[in-house]
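First the structure, in the form of structure tokens, and then the observations on it.
Values in this document were obtained by computation on a predicted structure and should not be read as measured data. One is the number of the first residue; the rest follow in order along the sequence.
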Amino acid sequence: MADLLGTELSEEKEAEIELKRRQKRPWDELHKSAKIGLTAELPETLGFYDISAVRREQQQEQSADPSLSRFIAAELTRGYFLEHNEAKYTERRERVYTCMRIPKELEKLMIFGFFLCVDAFLYVFTLLPLRVLLAVLRLLTLPCCGFSGSRLLQPAQVCDVLKGLILVLCFSMMHYVDYSMMYHLIRGQSVIKLYLIYNMLEVADRLFSSFGQDILDALYWTATEPKERKRDSIGVIPHFIMAVFYVFLHAILIMVQASTLNVAFNSHNKSLLTIMMSNNFVEIKGSVFKKFEKNNLFQMSNSDIKERFTSYVLLLIVCLRNMEQFAWNPDHLWVLFPDVLMVVLSEVAVDIIKHAFITKFNDITADVYSEYRASLAFDLVSSRQKNACTDYSDSVARRMGFIPLPLAVLLIRVVMSSVKVQGALSYTCVFLFYLGLVSLKVLNSIVLLGKSCVYVKRANMEDKLFERPSTAPPSSGKPPSKTDPPSSSSSSSSSVTTQPIPRTDFRPPTPPPEPEQPLPSLSKEEEGEAQAASELKHRTPKEDLLEIDRFTICGNRID
């Protein structure tokens with residue numbers, strides 16, 4: 001009997017264990033057919049059969065058994081979703097688009113700045129001689145016309161005469177410098193020494209350009225400063241000697257640069273030219289990995305414009321000297337063309353790469369170059385107004401560091417030594433060439449002025465052009481920007497550094513004072529009371545406090 005009871009209990013226990021096992025894995029019987037049936041034995045959650053929970057449990061059991069094949073399969077089938085970090089990838093795409101826009105926007109700025117330099121450079125050869133001639137005629141006809149006014153010459157005419165004298169003196173001094181001897185002296189040096197000399201000349205040229213315009217401005221201001229002011233300068237003549245000395249030294253430095261480049265062009269293996277071109281790419285290393293703000297990038301852009309224009313003038317000098325040596329044979333020009341093209345393309349490629357990575361590393365958009373172009377256009381338009389503070393050629397020189405006088409002296413020296421002018425026909429050709437330069441200068445100025453007005457209008461900076469000049473001291477020379485405060489003014493032309501006069505038209509008009517009525521006659525007592533009441537009415541709080549303190553002190557003394 002006991003055995004029968006124990007057997008029944010063990011059977012019930014086995015049936016209960018089997019039921020629990022089937023509730024946990026109800027598809028064991030259907031495992032081979034790969035089908036899962038919804039039977040009453042599946043676990044139920046809130047009235048629904050939880051198939052996903054069963055599958056997750058099955059996957060956990062399978063993953064508990066690691067194997068190399070399962071790891072490789074997981075690596076091959078692993079997925080990810082880029083939309084989970086949408087902002088990051090959108091920013092990366094915008095950086096790519098910015099780098100693609102940099103060449104176009106940069107070259108627009110470079111082309112506009114290049115023609116600004118052309119305009120300032122042609123001014124020295126075309127309009128400056130005519131302006132000097134007009135100033136001299138004014139001085140000669142002054143006794144006949146009579147002296148009227150406080151000045152013999154206007155400030156602009158004084159500056160023109162000083163520029164003309166500097167050009168004449170420096171050109172006469174350059175005749176004592178032998179270009180051919182300098183060329184052969186440089187050619188006798190080794191390649192490495194010439195490479196070092198060229199690098200030193202580039203550094204010296206930047207230093208001369210940064211300080212040269214200050215010397216010229218000091219001369220112009222010393223010569224045109226009003227006489228009634230107290231002067232604390234050393235005088236016009238010492239400043240003039242300093243300016244002549246500076247222009248002469250800078251012209252010699254540019255001549256050595258041109259001679260070195262000419263030696264590189266005429267070397268047989270072109271090793272020096274290759275080293276000099278590779279030196280441009282070294283510039284990328286020195287500038288790309290530095291922190292740049294927008295103002296610093298603007299200064300670098302202006303420096304690149306000036307450097308590119310100077311390189312083109314140096315290439316022109318090299319071509320003139322080589323063509324003279326080969327009796328102006330046009331076939332030799334095609335021999336020089338590949339080297340000239342290599343120099344130009346290397347300059348353009350270096351500028352594009354440098355600016356593309358600077359804008360990338362400093363998170364600067366490509367639209368900043370249109371702002372730089374608008375700043376240069378604003379300088380040009382403001383210098384063309386009636387009451388301008390400076391000449392447009394000088395404003396370009398201050399902004400870009402490009403000083404046309406030394407380069408003009410050298411070019412005149414090279415052209416006059418390379419081209420022989422003899423006979424009436426030659427002089428006629430020279431005169432026609434001069435008329436062509438004047439026409440080119442006028443056409444270039446008109447186009448630049450029109451483009452500048454368009455750029456200023458797009459940048460919403462035209463309101464500053466019609467503000468009146470202020471009596472405040474001149475600004476520190478920062479580029480005008482859209483965020484600069486407007487300035488005060490007194491005439492229709494103007495300056496960026498002025499503040500607008502506050503408007504008063506919105507205030508209500510002040511009513512006219514009422515006519516005083518005659519007071520009735522009062523007795524002496526009434527007049528004394530009225531006077532006391534008036535004094536009490538107009539007494540200030542400070543007087544009341546003083547009165548209280550006086551009575552307090554008197555009371556303390558009485559006590």
May I have the list of side-chain donor-acceptor pairs in residues 444-456 shorter than 3.5 Å, sequence neighbours left out?
{"from": "N444", "atom 1": "ND2", "to": "F115", "atom 2": "O", "distance (Å)": "3.2"}
{"from": "S445", "atom 1": "OG", "to": "D119", "atom 2": "OD1", "distance (Å)": "2.6"}
{"from": "S445", "atom 1": "OG", "to": "K441", "atom 2": "O", "distance (Å)": "2.8"}
{"from": "S445", "atom 1": "OG", "to": "K441", "atom 2": "NZ", "distance (Å)": "2.8"}
{"from": "S452", "atom 1": "OG", "to": "L448", "atom 2": "O", "distance (Å)": "2.6"}

*Residues in side-chain contact (heavy atoms from CB on, under 4.5 Å) contact with M182, at least two apart in sequence or another chain*: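 M182 satisfies side-chain contact (heavy atoms from CB on, under 4.5 Å) with V177, I186, M255, V256, S259 only.
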*Contacts of type side-chain contact (heavy atoms from CB on, under 4.5 Å), residue K457, not counting sequence neighbours*: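 Residues passing side-chain contact (heavy atoms from CB on, under 4.5 Å) with K457: E462.
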Let me check something: any side-chain donor-acceptor pairs from residues 203-213 under 3.5 Å, sequence neighbours excluded? List them with distances.
{"from": "D205", "atom 1": "OD1", "to": "H250", "atom 2": "NE2", "distance (Å)": "2.8"}
{"from": "D205", "atom 1": "OD2", "to": "K306", "atom 2": "NZ", "distance (Å)": "2.8"}
{"from": "S209", "atom 1": "OG", "to": "D205", "atom 2": "O", "distance (Å)": "2.9"}
{"from": "S209", "atom 1": "OG", "to": "K306", "atom 2": "NZ", "distance (Å)": "3.3"}
{"from": "S210", "atom 1": "OG", "to": "R206", "atom 2": "O", "distance (Å)": "3.3"}
{"from": "S210", "atom 1": "OG", "to": "L207", "atom 2": "O", "distance (Å)": "2.8"}
{"from": "Q213", "atom 1": "NE2", "to": "D217", "atom 2": "OD1", "distance (Å)": "3.1"}

Those residues that, when tested against [X], pass ring pair (Phe, Tyr, Trp, His ring centres under 6.0 Å) (two or more places apart):
{"X": "F326", "value": "H332"}
{"X": "F402", "value": "F309"}
{"X": "Y176", "value": "none"}
{"X": "F265", "value": "none"}

*Can you list every pair that meets salt bridge (charged side-chain N to carboxylate O under 4.0 Å, His left out) and has a residue in residues 154-177, with sequence neighbours left out?*
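Checked against salt bridge (charged side-chain N to carboxylate O under 4.0 Å, His left out) - neighbours excluded - the pairs reaching residues 154-177 are R131-D160, K163-D394.
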*salt bridge (charged side-chain N to carboxylate O under 4.0 Å, His left out) assessment of E107 paired with R308*: CA-CA 12 Å; E107 288 306 314; R308 184 177 294 189; 3.2 Å; yes
*What about the rings of F114 and Y312, do their centers lie closer together than 6.0 Å?*
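Here the rings of Y312 and F114 have centres that are less than 6.0 Å from each other.
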*Determine whether the aromatic ring centres of Y369 and H355 lie less than 6.0 Å apart.*
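Here the rings of H355 and Y369 have centres that are less than 6.0 Å from each other.
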Any residue meeting side-chain hydrogen bond (donor to acceptor under 3.5 Å, both in side chains) with [X], in chain and number order, not counting sequence neighbours:
{"X": "E324", "result": "R321, S418"}
{"X": "D363", "result": "R95"}
{"X": "N199", "result": "N279"}

Do any N or O atoms from the side chain of [X] and from the backbone of [Y] form a donor-acceptor pair under 3.5 angstrom?
{"X": "N262", "Y": "A258", "value": "no"}
{"X": "D351", "Y": "V348", "value": "no"}
{"X": "Y372", "Y": "K294", "value": "yes"}

*Do the ring planes of H175 and F171 sit parallel (below 30°), tilted (30 to 60°) or perpendicular (above 60°)?*
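The rings of H175 and F171 stand perpendicular, inter-plane angle above 60°.
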